[in-house]
> 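Sharing a structure, written as structure tokens. Questions coming.
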There are 2 protein chains.
Amino acid sequence: MPNPPGAPSVTPSPTPSTPSTTPSTGAGRRREDVLDALGHRIVAGDLPPGTVLTLEGVDATYGVSRSVSREAVQVLGAMGLVTSRRRVGITVSERAAWNVFDPRLIRWRLDGAERDAQLRSLSELRAGFEPAAAALAAQRATAEQAARMASAVSDMTVHARARDLDAYLAADQVFHTTMLAASGNEMYAALADVVGEVLAGRTHHHLMPADPNPDAIEWHAEVARAVRRGEPAAAEDAMRRIITEAQEAQQTLAEQAGPGDR
Amino acid sequence: MPNPPGAPSVTPSPTPSTPSTTPSTGAGRRREDVLDALGHRIVAGDLPPGTVLTLEGVDATYGVSRSVSREAVQVLGAMGLVTSRRRVGITVSERAAWNVFDPRLIRWRLDGAERDAQLRSLSELRAGFEPAAAALAAQRATAEQAARMASAVSDMTVHARARDLDAYLAADQVFHTTMLAASGNEMYAALADVVGEVLAGRTHHHLMPADPNPDAIEWHAEVARAVRRGEPAAAEDAMRRIITEAQEAQQTLAEQAGPGDR
DNA sequence: CTCCTCGCAAAGATCAGATTTATTCGCGTA
DNA sequence: TACGCGAATAAATCTGATCTTTGCGAGGAG
């Protein structure tokens with residue numbers, strides 16, 4: 001009986017629950033909206049691990065059909081944020097099960113209260129792998145990549161002199177992104193966004209001196225030179241110095257700003 | 001030719017491509033099946049970047065309903081493997097857009113022809129971050145974690161003496177997994193599976209001497225000691241030696257096995 | 001002949017309802 | 001107390017319809 005005889009399908013309420021919260025979206029973005037909303041809530045701890053939802057609850061909450069909530073939950077499942085079982089519902093997973101390298105998850109955490117903790121994690125991660133990536137880049141960079149790195153250093157010098165921190169940041173990001181791409185390892189290359197976030201976070205949190213340390217710029221230049229000449233050890237050393245300097249400068253400024261800064 | 005025009009939905013073959021791999025499951029795994037199948041095909045290059053599919057084609061190919069294929073495509077999209085646009089269809093993305101840290105993607109690549117390349121990538125990655133993780137572990141490991149690492153080293157010694165490579169591998173994995181967890185950084189911890197795969201790949205590819213190098217074991221012990229005593233520099237150095245040794249042993253054995261080994 | 005606008009159609013996005021299937025939980029029986 | 005058995009529940013799947021974009025071509029203006 002796929003055809004209900006007497007019921008003429010009145011289409012009760014076309015816009016039931018989206019009176020004010022959907023002003024600008026308006027387009028076919030429902031799934032993305034639900035996904036973002038659920039992701040943010042889980043990451044923020046609003047839905048702590050162990051919380052159980054039901055699909056019915058989700059689509060009631062967000063006023064969407066089951067297809068939409070289902071697909072959103074599906075993606076959350078793929079990121080390890082939830083698991084769903086029959087007769088139980090959708091359970092928020094322990095943090096250990098999360099795919100912490102998923103760019104979307106990283107963005108959610110950077111958006112929320114976890115921002116500082118996430119930046120610390122990313123920063124530590126970067127400290128670990130970037131020297132190694134520099135060494136690889138020195139062995140594998142193309143001439144174009146080496147040139148682009150040198151050019152980025154040049155930009156950094158100019159913008160530092162002008163005290164234009166935003167432009168400096170942009171050049172810095174180009175430098176690191178190019179270096180990671182030049183490493184020839186797709187996985188290092190994929191971490192470019194991570195490094196970009198760390199650099200951006202440092203600048204926007206004012207954990208960066210108004211006058212960028214000339215030594216730091218010189219070390220960037222050293223990395224670029226080492227990459228061009230194909231000297232892995234030199235590139236790795238200089239990159240390590242860059243990171244050490246960044247950590248120390250950051251710590252100094254954090255202490256100056258206030259010990260109880262949180 | 002993903003578009004057979006004249007063939008409507010006749011429900012062609014109930015066992016299209018997974019006749020043997022789903023013997024016990026047999027239930028509620030259609031989406032996972034389609035996802036795996038598509039993922040493998042994309043990763044294997046059977047569906048190269050730029051290929052355009054349609055949802056209709058997908059569910060016709062795998063004999064499932066739109067919901068299922070839709071959700072599978074959704075997850076693929078979340079991993080960056082495909083993008084879908086109206087009026088166009090589902091386009092396989094360039095490799096640069098892939099989330100190469102997604103465990104599922106890593107598994108697909110390890111399953112296919114990319115296995116060696118993927119192992120090389122992972123190996124380089126590991127070489128980069130594991131010394132840094134060891135240094136962090138030396139600062140943050142709990143007594144239990146340090147003890148577990150020491151215990152794993154002890155197991156490694158025993159199994160090496162017995163020339164039981166599988167048991168040796170298991171102990172090795174416990175050692176590294178514990179160390180990464182002890183680093184206190186969730187992102188390093190999340191890479192435990194990656195390291196596990198690298199170690200397993202080395203063993204199963206016979207890139208590991210039948211008699212594990214006693215020096216390597218001693219360096220593991222050194223890491224464990226340094227972690228227990230809280231000596232980051234010592235832990236980092238020893239870990240770096242472990243990795244260097246592994247790379248050299250691997251290269252030596254690969255050359256012995258055959259220079260043209262691919 | 002070129003360029004721009006408008007409309008059609010293709011394909012995903014969303015919705016709504018039904019059906020299937022696997023679990024869990026409670027209850028009755030041995 | 002233990003062991004099944006059945007009912008209820010919630011996800012998984014299927015189905016068919018409708019909505020919304022958007023690529024592309026037809027047709028008109030310059």
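Bear in mind that the values here come from a model prediction, so they are computed numbers and not experimental data. Proteins come first, then strands; the chains are lettered A, B, ... in the order of their sequence lines, and each starts at number 1.
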> Taking only residues two or more places apart in sequence or in another chain, which ones pass side-chain contact (heavy atoms from CB on, under 4.5 Å) with A:Val174?
A:Arg148, A:Ala152, A:Thr178
> Shorter than 3.5 Å, N or O on both sides, protein versus nucleotides 23-25 of chain C: list them out with atom names.
from: C:dT24; atom 1: OP1; to: A:Arg85; atom 2: NH2; distance (Å): 2.1
from: C:dT24; atom 1: O2; to: A:Arg87; atom 2: NH1; distance (Å): 3.0

> Identify, residue by residue, the members of residues 50-57 of chain A with a heavy atom below 4.0 Å from DNA chain D, and return them in order of residue number, or none.
A:Leu53, A:Thr54, A:Leu55
> Sequence neighbours excluded, which residues qualify as side-chain hydrogen bond (donor to acceptor under 3.5 Å, both in side chains) partners of B:Glu56?
none
> Indicate every side-chain donor-acceptor pair of residues 40-52 of chain A with a distance under 3.5 Å to a residue at least two apart or in another chain.
from: A:His40; atom 1: ND1; to: A:Asp36; atom 2: O; distance (Å): 3.1
from: A:His40; atom 1: NE2; to: A:Asp111; atom 2: OD2; distance (Å): 3.2
from: A:Arg41; atom 1: NE; to: A:Asp46; atom 2: OD2; distance (Å): 2.8
from: A:Arg41; atom 1: NH1; to: A:Tyr62; atom 2: OH; distance (Å): 3.4
from: A:Thr51; atom 1: OG1; to: A:Pro48; atom 2: O; distance (Å): 2.5

> Please name all residues satisfying salt bridge (charged side-chain N to carboxylate O under 4.0 Å, His left out) with A:Glu114, sequence neighbours left out, ordered by chain then number.
A:Arg95, A:Arg109
> Checking A:Asp59 now: which residues fulfil side-chain hydrogen bond (donor to acceptor under 3.5 Å, both in side chains) with it, not counting sequence neighbours?
A:Ser69
> Which residues satisfy the ring-ring contact (aromatic ring centres under 6.0 Å, His included) test with A:Tyr168, sequence neighbours excluded?
none
> Sequence neighbours excluded, which residues qualify as side-chain hydrogen bond (donor to acceptor under 3.5 Å, both in side chains) partners of B:His205?
B:Arg115
> Expressed as a whole number of angstroms, how long is the span from A:Tyr62:OH to C:dT14:C1'?
18 Å
> Round to the nearest Å and state the distance from B:Arg30 atom CZ to C:dA22 atom C1'.
13 Å
> CG of A:Asp33 versus C1' of C:dT14: gap in Å, rounded?
13 Å
> For C:dT14, take OP1 and OP2 only and decide whether either is under 4.0 Å from a side-chain N or O of A:Ser65.
no
> Can you sort out the partners of A:Arg107 under side-chain hydrogen bond (donor to acceptor under 3.5 Å, both in side chains), two or more places apart, ordered by chain and number?
none
> By the salt bridge (charged side-chain N to carboxylate O under 4.0 Å, His left out) test, which pairs, at least two apart or in different chains, include something from residues 96-105 of chain A?
A:Glu32-A:Arg104
> Using a 4.0 Å cut-off on heavy atoms, which residues in residues 66-84 of chain A reach DNA chain D? List them by number, or say none.
A:Arg70, A:Ser84
> Nearest whole angstrom, please: distance from the P of C:dA22 to the CZ of B:Arg29.
12 Å
> Main chain of B:Leu180, side chain of B:Ser183: is a donor-acceptor contact present, judged purely on distance under 3.5 Å?
yes
> Would you name the heavy atoms of B:Asn185 and A:Ser121 that are closest together and state the gap between them?
ND2-O, 3.2 Å
